Structure formats: C-alpha cells, structure tokens
Amino acid sequence: MAYGSQLRALLLKNFLLARRSFGGLAVQLAAPLVINVLLYLSDRTSESNGGFFRDGLDTPVPAVERLGTLPRCLSITYPDACVSFAYAPSNPLVSSWVATAATAAGIPSSEVRGFSSESELNAFLVDHPNRTVAAYVFETRDLNAISTGSISYVVQFNETRHDEFPVGDSDFVSRVFVPTMVRHMNEVLMANVSSRPVDLGISLAVMPHPPLEGVNDAYQNYGLLLTFAVYMCNMVLFLSKLVNEKVGKLRQALRLAGQYQSQHFISWGLVFFLTNTITSALLIGFGLAFGFAFFRETAAIVYILTFFLFGVALLPWVFFFDTVTRSVEAVSLYLFNFFIVNYFIASGAFVLYLVESDGSNFVSDSVVFLRYVFALLPPVMFYKCIYDISQFAIRGQGMTLELASKYTSVFPVTTCWAWMMWTSAVVMVLAIYLDNVLSSPTGTSQPWNYFFRPSYWRLPASSAVAPPPPPPSEEEAQLSPDSPRAGDDAALVDRETTSYDAASEDPDVRQEREAIDAGARDDRAVVLRHLRKTFKALVAVDDVSVSIPHHSLFCLLGHNGAGKSTIFNMLTGLTDITDGDAKVYGHSVREDMAALRPLLGVCPQHDVLFDRLTGAEHVRLFAALKGVPRSEREAEVARRLEQVSLTDVGGRAAGLYSGGMRRRLSVALALVADPKIVFLDEPTTGMDPIARRGVWDAIQTAKADRVIILVTHSMEEAEKLADGVAIVSRGRLRVLGTPLRLKVHFGAGYRLSVLCTDDEAAASVSALATSILPSTVATPAEVDAERTSGVMMELLVPRAGCRRMSELIAALEARKEGQAVADDRNGDDGGVGVNGGGSAGGVLSFGVSQSTLEEVFIKIADLSAEPEPELEKKGCCGSVFGRCACFKSCGGSG
C-alpha cells in the first residue's frame, strides 16, 4: 500500500512539472498540427503541378517535346577529358559522319574523340569513368554493308545514376540525350544515301493516362522524417527533465526520502507514455482531418498500432540516454545525432527488405545480415511500416490487420511491430543495468555483477528502531569525554593546561576510539567505526571513530576540504565507504542502507528543490515518500511550514523563493515525518538573523527523541545548538567534546576589553595588567568614534593566569571608580561585563569574556595543517583559509 501511495505522489509531481512547463507543452501540442500542415501542402502541390514527377499527373492530352540540340558535356573535375561524343572506328568515313552530326548538335570538335577500334574505346571508358556521355560504334561488317542499303550502328551511353536530393534518379541521358544522338546520326546517314540534306524531326510524348498510382504521396516521401521529428521533440523535452533531475541531485534527494528505482522508471515512464500516446492521437486525428490516403485507405488498427508501438519503443532509449548524459546541454547533441543517424539508416536501408517478384532477395546475400542489424533500431522498423502501408494506401487497396502479416516474407508490418517491442525491452534492461553501474540514483555505483549478489534481491530488513538506551549514570557521564561534569570548570582547567599537539592523538579522541573498539559505545544511536574514504591517491577521511548518543545534536566542524562533507555523504549513502563502517540505530550503512533510509532526514548543502513546485507540494511529496498516512499529510504540511515560518508563502513556487526561504524549506523537508536521525549541512546559510533564530529554535525543539548531525561553518550556531562537537582537519578527527569543554581545553583563556580615557591611560592599564599577570598580552582594539569617546584596548589573559584574574578585575574596578578597593574581589569567569560611569583612574569601562569556539576552531585547524614555507618566512605559525595567522599558543612565545 505504501508503494502505491509513493508512486501516486511521484506521478502527481511529474504531471505537475510537465503541465507547468508551458513552452514544452505548447511545442508538444503544436508539432503534430504543424507537420500535418506541411504534409498537406506537399500533397496538394504535387497534385497541382506534379512536383518532381509531373508525368504522374492526369494526362489526357500529353505534351509533345521535340528533340533539339544536345547540351555540351561539362566536367569541372576532369576538364581535360570531358567527351560528349566518342566514336569507333576513327576511319575517314566515320569521322566525317560524326563531325557532321556533332556540328548539327552544337558540340565543338574538342569534345569529340575518335578511337581506332571498339576495344580501344572500351579501354578508355574503363580507365576514365564518368567522363564520356555517349559514343557511336560502327562494326566493320556494318560499314561494308552500307552499299547494299543495310545501315546499323550502336549507341553506347553512361548509365551511372546521379542520386541528388530532392530530384532522385535522373534518366536524362537515356531519355533525351541518346535519342537526340540517334536523330543527328540518322540525318547524316540518310543525307549520305539520298545525296540531299535531310531534316529528321523526332518528338517525344508520354501516352495519355489517368493519374498514376504510387507516384506522388507526401506521407510515403516525407512521413518518416516529419513524424519522427515530432516524437524527437518529446524525447528532447522528456530527457531534459530526467537529466535535470539527475544533475541537480533531485533524484538523490527523492531516493533518500524513500523513492525506489522502479518508482522512478514507472512514474516518468507513464508520463512519457501518455505524452507519446497523445502525440500519436493528434498525428492520426490531423491526418484523418486532412484526408491523407495513408489513413483513409488503411485499417485503423494497423496505423494505430504502428504509431502507438513506435512511441512505446522510444521510451527505453530515453532512459538509456539518461544514464550516459552528464549535462542538460548535451541532451540536444545526443538526440540530434540519434535522429540523423536513424533517419539516414532508415531511409537508405529499406532496399535491404525488398524482394524480387519470385521471392528472391533484391540485394546480395552477403549483406542480408544487415536487415537484422538495422532492425534493432525502432525508427528503421517504423520507416518500413510507413513505407509498406503507404504503398498499399496509394494503390487504393489499403492494408488490413490480416494482410499485415502475409503480404511479404521479409519483415512484414507485424514482424516490424514485434522487433520494435523486443528490442525496446532489451534496451530497457540495459538502461536499468547502466543506471546502477554508471549513475546510481544514490550516488554510489553498483559493481558490474551486482545482480548476482543475494543482497541485491533480498528485501530490506525492518527499519524499526530499538528503544533508546536509558540516560547514562553519573559515573558513566564522568568517564565520557563529551559529557563533562556540570559545575566542575575548575577541574577542567586544572586537567588541561597545554596547547593542542597535532603530532599526537588527542586523549579524548583516543579514549573514544578505544571505547568503540571495546564495544562500550554499541548502545549509542550512531557509531562510526574506523571510517575511511579514499579517492584514488587522496585520503579524504582517515580512520574516524566516534559515537553519538540519542537525544543529542552532534556538530562537525572543519575547514573546506577537511572531510566533513565526505563523512556526511557516507552516512547518508551518497558516497561509498572505502573501509570501516557506521551503525545507525543498529543498521549498517554499508550493508543495510535500504532499511536505514526510512529513518533519515537530510538537508544537503545545496538546495535540492523543484522550481515549479510550491513549498506545500514539496512537503506533501516528501511526506508521501516517507510513509505519512494520507489523512495526516495536510497537518504535516501545515506543521512543517509553520515550523520554518513559510506558511504565508507555502502556495508559491519554490523557484520564486529567496535563498534564505529555500534553505528554510530544505530544513522543513529534512524534518518531515519525524525521522530518527537528521543530517543538516549548513542549514542556515543565506538566512537573515531573525529567520536564523527561528530555524535554530526549530532544530533545538527537534532534538528530542532523535539524533541530529550538523555540519556548519557558523561557530555561533554550533555553540548554541551542539551537545557534542568534533573538529575535523585533513580527514582526521582532531578534537572531541562539548563546546564548553573545547573552549576550556584549547581556548586562549580570557579577553578583557578596557575603554580608557586616552593613550596614556591605556599604557598605564597595560603596565598594571602585566604587573599582576606577566603573561598578559595587550593589543589595541577599534572603537565606534561616533558613539563612544576614548581608547579601546584588549587584554588577553592565558588560562594559567585565571586564578589571579580577580586581582586584575579588582584593580580595574578601582581605577574605574577612582578609589582603591582592597577586599572587593569580583572575579567573573563567565563572561560578565562590569561597567561604570566614572572616569577617575583613566578607565571608563571594561568587560570580560571567555575564548570563543571560533578561536578554538581556527587554532586546531591551523595547527593541524602542514606549514607553508612562504608563511614561515613571514614568521607566521601557519595559515587559516589562505591567510597568515599567529596565536599565543604557537610555540609558547609571542
């Protein structure tokens, strides 16, 4: 039942996309009418003036054409060997006759050539093909018999046919040139016998006849070209939608939401089938309306099946091209070549299927095998159907279903139908195979022999989730590196007082890996065990082991190229895992992704949305794919849109959304159906502050009863939302813990912002700070001159000096109030600002804050990177995002 509900939702989506593509829809509806108009005009033109076949018209009184002078032989390629007249033998008598005939015919002597014998003439014709129009040959016995009144000679002519579109075969030489040669030679011979000039008038005329059948038929001549072009329009539009869905990763998103591969093929295949069926109906309907003999004389079932089966046969070819097409721009190129190649093969290969009147092959037996090779292409079979049906239609006989299988022994229409069907079935199987091997919908390719593996045919295991484990005990919480004891910040400070060492593994990371290897983390919701991914020689993820408990949000931080997105893609099944594995609620990502998929909600880094679907339609589609009952879908739509503040624009097409609105919709789609694990890749990119806060609240609320894995570059976002943070650099897990734990362990300490009255007061405060805490570093800071007067400076206090922070704060407070305060200690470790209004002592105000997570991230990322020589020359510790950066902890000295 769920499968059918998902399929209906996908069908609705495809029909909506097809209907809202107004330009493509207009072309699909108008093309059948346009080509029928062209065929009709061609038909009427042929009937009125004969086109290139004037003799085929109704001819009750034939026109008489007198044979006149001959056109000269013109050869651009061989100007030195162009011969209009050749003759043999070249004795004086024959030479004089031919010279006289050539002069009468207007042929210059340079284009007349004599040969001593017929054998010499024939040798010249063989050695110089297509350079001589015609020749006179007089046998010796014929010349000797002239005195008795018996005159005979032979006219040889060039029978090479010149096939030039659109004229076709030309018979000018045999029909006009040779009779004219005979006329002129007969005039010479008759004048020689009668001893007086002779003017022999010869004219040509066809016999009177009614219109000839089979001469002029537009559908036979141009039907394949134009009807095939109509179906090609459908193929181009349809393939563009498929490739756009693949290239835009929309198909991946639907697959992650629950779409099966078979549902993809069925839902799009039905749309294309319906489109081609409508096209076939329009072609037939307009053809009947224009009165073409092809439809008028033929049994309806014959041409209906021909058009219908051809439309079906093209469907697998579209899916086949989808597997090998990598960009929308390549669609037109591939299908244009497909159209041209098939048209020329179809129009030229039909002679292979002709037979003589006795049933023998029209072509040589050595090329008969090409019948079966070309029959693999549906347009070739479609052309033969069109040609054969037209032959019967223009004779007024018409083809019936019974006759369709009996009129010839070589590929009758019914055999063409069968070949279109079985070859398309083979192409469909090939398309499915290549879809898995070359361009898997999940982004991971199957091995070439995947269909031999039992796991491919095995039904997915149950995706039910075991009850989450109970909260850890206090003792377990103390041992967990990502669960520090509340209120024990001093213990954390005492525990770690050294800088991060990139050369050795962080103790918390090592402890987590050892716990995973020992099975102590098997009850966690997500467990990554020695995860590794390589791209040829590049190691993108290197031996990452980490676990994530239920009811938590885990944040992955890292610079661009650190490997966090690769981890994200491996966990969602979009990228193959090279080594190791990950378990999500007990399901292996490598072996049981089909069962895991219903538990996932994914918001990718780039918006994966259909521009022509509304926000509400997106949520409704994903709800159907994730198994939300139909009765609850509208409530789910309203809930998710309200959750990301898109209720007012839910009926607007997603293509009209701003960047921030599209990100909010992507977050809403990830939360549809309350998945047990949600992956969010930079979910608030491009949002304004108000919208960002709203999405943060939605994510914070969604943490209950699920796991959320967040990839972000926003340190503020990580601090606000994350229960656990992992920083990844160069493919390795560098540090692990809560935001507070990381700041305490790896932060630079505390930052005091002091506003002084002038530069002298600032220098005095700097001296005061270093006298109390010698390791304090004073740096100038910017101040808003329009709103505040004075000099701003920052005092950086390392963690080791935090126990004397109270003395420094008391001294600053005393200067601010203009009096000595000996016992009033107001140490504040939590970032509380202490402000006053006096100016005595040179201090106007000051505030205290702890190191930020951003500082920790930059420090870890910088120290984990390989130093660049050009930066070392500048005295820098390393680079952060291509910039020189130094930290107090780099080497321990300023």
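Heads up: numbering here begins at 1 and tracks the sequence. Quick caveat, the model's predicted, so the values are computed rather than measured.
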Check your understanding: Would the Phe273 and Phe308 ring centres measure less than 6.0 Å apart?
Key -> yes
**Study point:** Phe338/Phe321 aromatic ring centres below 6.0 Å
**Key:** yes
Check your understanding: Got a salt bridge between Asp611 and Arg20, using NZ or NE/NH1/NH2 to carboxylate O under 4.0 Å?
Key -> no
Check your understanding: Is a side-chain N or O of Arg371 found less than 3.5 angstrom from the main chain of Leu352, in a donor-acceptor match?
Key -> yes
Point to revise | Short side-chain to backbone donor-acceptor contact, Asp322 and Val318, under 3.5 Å | key: no
**Study point:** Reported OH-to-OG distance for the pair Tyr303 and Ser280, which is rounded to 0.5 angstrom
**Key:** 12.5 Å
Exercise for review: Would you please test Phe319 and Trp268 for ring pair (Phe, Tyr, Trp, His ring centres under 6.0 Å) and show each step?
Suggested key: CA-CA 10 Å; Phe319 286 121; Trp268 274 118; 8.8 Å; no
Point to revise | Ring geometry between Phe290 and Phe286 (parallel below 30°, tilted from 30 to 60°, perpendicular above 60°) | key: tilted
Check your understanding: Phe535 ring centre to Lys533 NZ or CZ under 6.0 Å, with the angle to the axis within 45°?
Key -> yes
Point to revise | Steps toward salt bridge (Lys or Arg N to Asp or Glu O under 4.0 Å) verdict (Lys13, Glu245) | key: CA-CA 12 Å; Lys13 179 262 295 183; Glu245 192 170 280; 3.0 Å; yes
Check your understanding: When the ring planes of Phe292 and Phe295 are compared, do they come out parallel, tilted or perpendicular, using 30° and 60° as the limits?
Key -> tilted
Review point. Do you know the tightest heavy-atom contact between Glu682 and Arg663?
Key: O-NH2, 2.7 Å
Exercise for review: Return the orientation label for the Phe310 and Phe382 ring planes: parallel under 30°, perpendicular over 60°, tilted otherwise.
Suggested key: parallel
Check your understanding: Are the aromatic ring centres of Phe411 and Tyr372 under 6.0 angstrom apart?
Key -> yes
Review point. Do the ring centers of Tyr353 and Tyr387 come within less than 6.0 Å of each other?
Key: no
Check your understanding: If you measure from the Lys or Arg side-chain nitrogens to the Asp or Glu carboxylate oxygens, is any gap between Lys249 and Asp607 under 4.0 Å?
Key -> no
